[in-house]
Amino acid sequence: CDEPTTALDATTQAEILNLVEKLVEDRGLSLLFITHDLGVVGRMCTETLVLQSGVIVESGATADVLHNPQHSYTQELIAASQLGSPTTHPAAATEIAVRLDNVSKIYGTNTAAHQVSLEIPRSSRWGLVGGSGSGKSTLLNMIAGLTQPTSGNVTVSGSLQMVFQDPQGSLDPRMTVRSIIAEGLPEKHDVTAKVDKVLAAVGLLPEHATRYPHEFSGGQRQRISIARAIVGNPDILLADEAVSALDVSVRLQILDLLNSLVEQLDLTLLFISHDLAVVRQLCTHVAVMHEGEIVEQGPIEQIWETPQHSYTQALLSVT
Ligand code: ADP
Ligand code: MG
């Protein structure tokens, strides 16, 4: 199995892991399971190999590797997988950056979003969590103006940019990094200076500007996507599963980067993830989506500690 649950929310992941476990047991199969998620390794595997840059740097019984890691890279992975709660953030403004009034989206007979209402104040950080197919991307695409609602109103005050899950698929392979980032600029003067400045802001080098996307790692590619999104100084940043495809240590680096950019640039953030622990690292507020509806919303610590809706409780119990 090669990362079979990486893109799945926690409850769906648990179902798939149960299925694999059952098949392995019933049929007496041997299992080789690739993942960047140490929790999954702990649950599924008796023996673990840790691979870094093509070299097995550590191997042994899973319990030993996870609880008594010898190699610095394994130690780093374990440290990076333990997400905490965010630093405190300044109080958000009272002006509303994004407002949804009873927004619905219906595809044929399928209701992807049902009467969603949400207010996101300027300079605040909202997370949107929910299982696969719960309507998160549909909602974000309506906010971005990429999809029209079937009914209801979407009001956005300010300019808006987006970062996507798959940095590979969202960067044109035939364009240099400079032209990719320059696409995010509304005016095309001083392009080189502006691109160099934003490359530095996302932790890349000036010489990276002339390279092509395939010459970078996944984490670097996500930095390029973020550079493209912020180069034009947007007011609002939308991120759709922006760290879901990354391994835990790179994920932490990108979360740290987003954290400092949101603060420095005074961005309003709407961050989608199927993982509530990731949202908690970055956001102050969260809305929980389930089957097209927002079933719960509020300050993240409140929802983390005292979830009211049964779906949120289920989501937290498998985290
Ligand atoms: P999420 O991002 O939470 O995984 P999506 O917003 O992508 O969920 O999808 C919500 C529902 O809407 C799913 O049932 C999906 O199949 C459906 N859906 C999304 N986009 C389309 C589309 N363009 N046409 C038809 N159905 C769609
Ligand atoms: Mg989605």
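All of these numbers come straight from a predicted model, not from anything done at the bench. Count residues from 1 along the sequence. Keep in mind that the numbers below use all heavy atoms, side chains included, and drop hydrogens, waters and symmetry copies. Every number for a ligand or one of its atoms is a count from 1 in the order of the listing.
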In the structure I gave you, are the side-chain heavy atoms of Asp235 and Ser159 within less than 4.5 Å of one another anywhere? yes

Over 60° means perpendicular and under 30° means parallel, so tell me whether His208 and Phe216 are parallel, tilted or perpendicular. perpendicular

Answer yes when Lys194 and Asp190 have at least one side-chain N-carboxylate O distance shorter than 4.0 Å, and no when they do not. no

Between the side chains of Thr312 and Glu296, is a donor N or O closer than 3.5 angstrom to an acceptor N or O? yes

For each nitrogen or oxygen atom of ligand 1, which protein N/O atoms lie closer than 3.5 Å, and how far apart are they, rounded to 0.1 Å?
residue, atom, partner, partner atom, Å
ligand 1, 2 (O), Ser137, N, 2.9
ligand 1, 2 (O), Ser137, OG, 2.9
ligand 1, 3 (O), Ser134, N, 3.2
ligand 1, 3 (O), Ser134, OG, 3.3
ligand 1, 3 (O), Gly135, N, 3.0
ligand 1, 3 (O), Lys136, N, 2.9
ligand 1, 3 (O), Lys136, NZ, 2.9
ligand 1, 4 (O), Gly133, N, 2.7
ligand 1, 6 (O), Ser137, N, 3.4
ligand 1, 6 (O), Thr138, N, 2.8
ligand 1, 6 (O), Thr138, OG1, 2.5
ligand 1, 8 (O), Gly135, N, 3.2
ligand 1, 14 (O), Asn110, ND2, 3.0

Using a distance threshold of 2.8 Å, what protein N/O/S atoms lie below it relative to the Mg ion (ligand 2)? Ser137 OG

Has Lys136 got a side-chain atom pairing as donor or acceptor with Gly131's backbone, closer than 3.5 angstrom? yes

Name the orientation class of the two ring planes belonging to Tyr212 and His214 (parallel below 30°, tilted from 30 to 60°, perpendicular beyond 60°). parallel

Going by distance alone, is a donor N or O of one side chain under 3.5 Å from an acceptor N or O of the other, for Thr74 and Glu58? yes

Among the clusters formed by ILVMFWY side chains lying less than 4.5 Å apart, do Ile230 and Val243 turn up in the same one? yes

With Leu100 as reference, evaluate Asn153, Ile143, Ile294, Val156 under the side chain to side chain contact (heavy atoms under 4.5 Å, CB included) test and give the passing residue. Ile143

